[in-house]
Amino acid sequence: MVKHLHYLFTLLLVMLCTAATAQKTVTFTAGTEKGTYTGVDSSSGEETITKDGITIKCSTGAFAAKQYRFYKSSTATISSSVGNITKVVFTCTANGTAKYGPGNFTDATAGSYTFEEAGKTGTWTGLAAEFTLTASKNQVRATKIEVTYTPSGKTSADLSFPEATYTVKLGDSFTAPTLTNPHNLTVSYTVDNTDVADVDATTGEVTINAAGTAKITASTEGNDTYAAGSASYTLTVTGDVTTTGDGTEAKPYTVADILALNAANALPTDEVYVKGIVSQIKEVSASFGNATYYISDDGTTTNQFQIYRGKYLNNVKFTSEDQLQTGWTVTVKGKVTPFNTSLEMAQSNYLTSIEKPAGAAPAISGDETFLESTTVTITANQEGATVYYTTDGTTPTDKSTKYTEPITLTETTTVKAIAYLNGTASEVAEKTFTKTEPISVAKALEILANGTQTTSNVYVSGTIVEVSELSTQYGNASYTISDDGKSTSALTVFRGKYLGNAKFTAEDHINAGDKVVVCGVLKNYAKDDTTTPQLTNSYLVSINGTTTAINSVKTKTALDGAIYNLAGQRVSKSYKGVVIKNGRKYIVK
């Protein structure tokens with residue numbers, strides 16, 4: 001009896017070990033196993049990738065980017081044709097329930113799903129040929145997805161190619177990689193882009209037609225012993241193109257070079273230098289410190305490409321709209337990438353040089369609309385030039401008022417300026433600064449309801465209804481204001497700054513019920529068929545009548561003579577700009 005029990009126990013252990021070792025894992029790596037969409041939210045749809053009998057499908061996502069992106073409210077379906085799935089591990093780009101983290105998956109239709117609160121891993125366990133997860137809380141981004149399954153009665157086809165990607169120049173010969181087919185299964189070959197290449201359905205031999213990218217797949221339907229399976233590789237065909245530059249700082253690419261490289265499917269993958277003339281400026285944001293603009297070789301909007309959210313010289317933030325103008329010749333460093341049907345230099349680019357045309361007008365900067373006063377600065381575009389200006393509408397000459405320091409305006413005024421260098425006059429610059437009154441929330445909502453969005457700042461007065469978010473880490477806050485302090489007919493102030501356009505440093509800086517004046521740009525923000533009226537790129541002008549972060553100034557104390565900036569922060573005597581000392585404002589140069 002004991003011998004029989006011992007035998008049964010041993011047999012059970014063998015069966016358990018066999019079951020454990022029979023499991024197989026299929027790994028999907030972002031950037032290697034790709035879908036169709038590149039990861040731009042406006043360029044996404046149903047995505048599907050399949051490997052070794054495992055399929056991952058997303059109702060709305062993008063699988064051709066650096067991460068597998070499952071957009072908010074989308075469903076992710078993982079299925080197997082080779083056996084029951086027992087485990088799926090998602091390795092994400094963020095932790096827990098943070099945006100892009102694994103905690104945003106919920107509602108598993110089979111098995112159970114768990115995730116690390118302080119980690120980037122989410123794990124499904126169970127036993128199913130198919131199950132679904134929902135990205136209900138936010139978008140999920142995964143760099144790797146590992147699917148473990150217990151094979152069915154059929155054995156995996158085990159098809160594979162030596163490499164996932166191959167590159168060949170147009171005109172050169174290309175030998176198709178050898179498919180690993182250990183079970184000698186019947187295989188057929190297909191290609192997803194016959195404009196680039198054709199493939200022999202039986203042999204896998206490739207004929208190259210043009211520059212571009214094509215995905216070539218070998219598939220088997222399997223048989224009574226082996227399961228269906230497939231393997232793919234991506235073939236990139238580059239054109240033969242001659243450029244005038246080589247992308248270095250000493251010899252930057254021209255815009256024509258970039259367009260030719262793109263047409264030849266030979267865009268460089270590393271950062272390069274590109275030189276061109278600013279042809280169009282979409283936005284220069286002092287709030288975010290970046291600019292989106294276009295450059296071309298001749299300064300026209302023909303054959304231009306976009307520089308997206310780039311930084312200023314030396315990779316520092318833009319601080320003024322006048323730091324970039326059309327007609328200036330610039331060199332930019334960054335990565336050039338396709339964007340939908342056009343090209344852009346991707347975010348994280350920056351200017352390395354600016355060449356201003358001779359005789360360019362001076363730059364006039366300052367708040368173009370203001371409540372009480374505004375400070376205007378004028379900067380010559382030529383080093384050593386002398387600037388003259390007028391405020392009475394007349395054209396300036398070298399007999400006009402010489403500019404030596406910032407100008408303070410308290411009424412609506414048109415400032416005109418001219419620069420002289422070695423007796424030669426520049427073009428005349430002109431800018432109007434308008435004194436205004438705050439509009440009501442109702443008026444702001446009326447403007448937006450009529451479909452009008454402002455491009456310059458407006459001032460809106462109201463009462464805070466609710467503070468939805470205040471980040472001392474990023475220094476901004478989102479809140480709603482209305483005319484009566486109630487939730488109806490409210491305007492959203494999105495990620496605005498504190499008084500004086502400074503950062504928020506404490507959560508009690510603003511509260512519901514505070515009467516505020518806010519400066520910003522009116523915008524209708526549309527998403528998922530919902531339009532939200534917003535005030536963007538904003539900052540607080542006053543809170544309950546106070547225009548600085550200092551509520552009171554004590555006299556005759558040990559702090560007499562202390563200097564503060566407009567955010568209420570104490571600064572040293574070397575600080576430059578508008579300061580408050582003993583309750584009065586001064587300009588320190």
Quiz item: Taking it one step at a time, do V168 and T238 satisfy side-chain contact (heavy atoms from CB on, under 4.5 Å)?
Solution: CA-CA 6 Å; V168 62; T238 62; over 6 Å; no
Have [X] and [Y] got a donor and an acceptor in their side chains that come within less than 3.5 Å?
{"X": "T452", "Y": "N450", "result": "no"}
{"X": "T530", "Y": "D528", "result": "no"}
{"X": "S279", "Y": "Q304", "result": "yes"}
{"X": "N104", "Y": "K137", "result": "no"}
{"X": "D257", "Y": "T244", "result": "yes"}
{"X": "T331", "Y": "S353", "result": "yes"}
{"X": "D198", "Y": "N209", "result": "yes"}
{"X": "T432", "Y": "T414", "result": "yes"}

Quiz item: S365 and side-chain hydrogen bond (donor to acceptor under 3.5 Å, both in side chains): which partner among T379, T377, T319?
Solution: T377
Self-check item: Option passing side-chain hydrogen bond (donor to acceptor under 3.5 Å, both in side chains) with Y294 (candidates E344, Q280, Q306)
Solution: Q306
Practice problem: Determine, using ring centers only, whether F63 and F70 are less than 6.0 Å apart. | Solution: yes
Self-check item: Ring centres under 6.0 angstrom apart (Y525, F494)
Solution: no
Quiz prompt | Salt-bridge criterion met for K51 and E33 (N-O under 4.0 Å) | solution = yes
Quiz prompt | Carboxylate-amine/guanidinium proximity below 4.0 Å for E355 and K275 | solution = yes
Quiz item: Taking it one step at a time, do I277 and V255 satisfy side-chain contact (heavy atoms from CB on, under 4.5 Å)?
Solution: CA-CA 9 Å; I277 301 172; V255 174; over 6 Å; no
Quiz item: Side-chain contact, heavy-atom cut-off 4.5 Å: I56 with F28?
Solution: yes
Exercise. Could you please spell out the steps behind the side-chain contact (heavy atoms from CB on, under 4.5 Å) verdict for T352 and V332?
Key: CA-CA 6 Å; T352 62; V332 197; over 6 Å; no
Quiz item: Any idea which heavy atoms bring I364 and E430 closest together, and the distance?
Solution: CD1-N, 4.0 Å
